[in-house]
There are 2 protein chains.
Amino acid sequence: MPLEDYPRPSVTVDVIIFTWRNDELEVLLIKRKYPPFEGMWSIPGGFVEIDESLESAALRELKEETGVRDVYLEQLYTFGDVGRDPRGRVITVAYFALVPAPLIDPRAGSDAAQADWWSIYDPPPLAFDHARILAYAMQRLRYKLEYTAAAFELLPETFTLGELQAAYEIILGEELDKRNFRRKILSADIIEETGDYQTGEGRPARLYHFREDAVAEVKARRLFP
Amino acid sequence: MPLEDYPRPSVTVDVIIFTWRNDELEVLLIKRKYPPFEGMWSIPGGFVEIDESLESAALRELKEETGVRDVYLEQLYTFGDVGRDPRGRVITVAYFALVPAPLIDPRAGSDAAQADWWSIYDPPPLAFDHARILAYAMQRLRYKLEYTAAAFELLPETFTLGELQAAYEIILGEELDKRNFRRKILSADIIEETGDYQTGEGRPARLYHFREDAVAEVKARRLFP
DNA sequence: TCCTGTTGGTGTCAAATATACACAATTATA
DNA sequence: TATAATTGTGTATATTTGACACCAACAGGA
């Protein structure tokens, strides 16, 4: 049973990268340089080569298009509707990742595609069915935050409890009680004080950092009811 | 940017079908009639045609190979490692479904492939990387049961609380307290008494049925801690 | 027919967890 | 130095979970 006898779907990978920036949730998008959808924004991605795994392809595309490397990818969903790409039948395996914004300079992509962060709440029109993929990724992110402490992966290395709570509230879309939030996070034993303080308007806030040795454990743990 | 210029991966769909039969969890497998892995058992599936969606392909293959139709499929994961199929580069999108055993006669497949139920706890050696896919599906099923009331989808139309609890216990791999289990299930308001009883050894047991109008609601709800 | 084995069905109390809620402490800035 | 803004803290109540033991109803065999 040969494999190349009749027309078959092509396969791409797309990677949704979220971060926390400017007090809101943002996503990394690239501006398309070629047709179709030339000049429109889209989720970074590209075709899977014959000799690379899906995850390798996702990491390669990400590096080529955005300069981003060394991120932890999680498979999101595979979108395969017939009409989703005007070039022909293309099935895309979507991945997503959470990264701290300061680690990434979107303009470092080696093929100089224009890449930039966009607010999740005010994204540009997107190519293909990428708006749908983005919506699905958002839903998954909310789900993930409800069940785990994943928000740390979005924040910078040190952060205050106020910032952490703000991130949870915006992503989950509901207000949380300050005292209950702090108690839950602190008793979960996944962050530690750095000893430093962040100053600004109002009383200075303690800075915390995520306990890296708790990553694996935390990823499986349920934090919010 | 043409789509057919260089070698690309092929795409298949595989469908893991679980049911509850003979007081255990079973999975539907088919015996391969052609190489590779001729004569070995495998998860039903096949190539995605150019003009059908992934889910359509999954339903079609399922009907062709097992006679099973009208099941609700959920996308599981996409497996795309380079060496997983000896015929060449094949990426497979795996789906899974929960069905009540009595609804299905595995031998009704139109191309007369041999299809049969196998215990999850004693499966035959499987072709390709299907053992891995099956293990992943099992994990997902357990996860699903922990978080929702999905076990109903496996049982026949009417069932006793004893049967329901037994299914949960075997799938989750732990014993549950009878009184607490009943309290939780009944207070969740997702099953109703039929009014009939099932007789047998010991005191007759009330029969219940799942409240179909609660399906959507229940799928999102968390039942076990 | 009655004894026995087997499975079905029920309530309570204690512990753990979640929720609601208000004010003093510390700084920047006007 | 007064004011505005933000951080940081404890307790009481309600809800949920977990542990636990006995009687009820039937089948089958003595």
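Treat the numbers as computed from the prediction; the structure is a model and nothing was measured.
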Sub-4.5 Å side-chain heavy-atom contact between B:I190 and B:F210: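 Yes, their side chains come closer than 4.5 Å.
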If only atom types and distance count, is the side chain of [X] paired as donor or acceptor with the main-chain N or O of [Y] below 3.5 Å?
| X | Y | result |
| --- | --- | --- |
| B:T148 | B:A150 | yes |
| B:S187 | B:K184 | yes |
| A:Q198 | A:P204 | no |

Between [atom2] of [N] and [atom1] of [X], the distance in whole Å:
| X | N | atom1 | atom2 | value |
| --- | --- | --- | --- | --- |
| B:F181 | D:dT16 | CZ | P | 18 Å |
| B:K184 | C:dG9 | NZ | P | 19 Å |
| A:L176 | C:dA20 | CG | P | 11 Å |
| B:D177 | C:dG8 | CG | P | 14 Å |
| A:N180 | D:dT11 | CG | P | 14 Å |
| B:Q165 | C:dT7 | CD | C1' | 12 Å |
| A:R183 | C:dA20 | CZ | C1' | 10 Å |
| A:R179 | D:dA12 | CZ | C1' | 12 Å |

Heavy-atom protein contacts under 4.0 Å, nucleotides 1-8 of chain D, coded B base, S sugar-phosphate only, - none: ----BBBB
Partners passing side-chain hydrogen bond (donor to acceptor under 3.5 Å, both in side chains) against B:S53 (at least two apart in sequence or in another chain): B:S56
Parallel, tilted or perpendicular: rings of B:F79 and B:Y136 (30°, 60°):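 Perpendicular, since the angle between the ring planes exceeds 60°.
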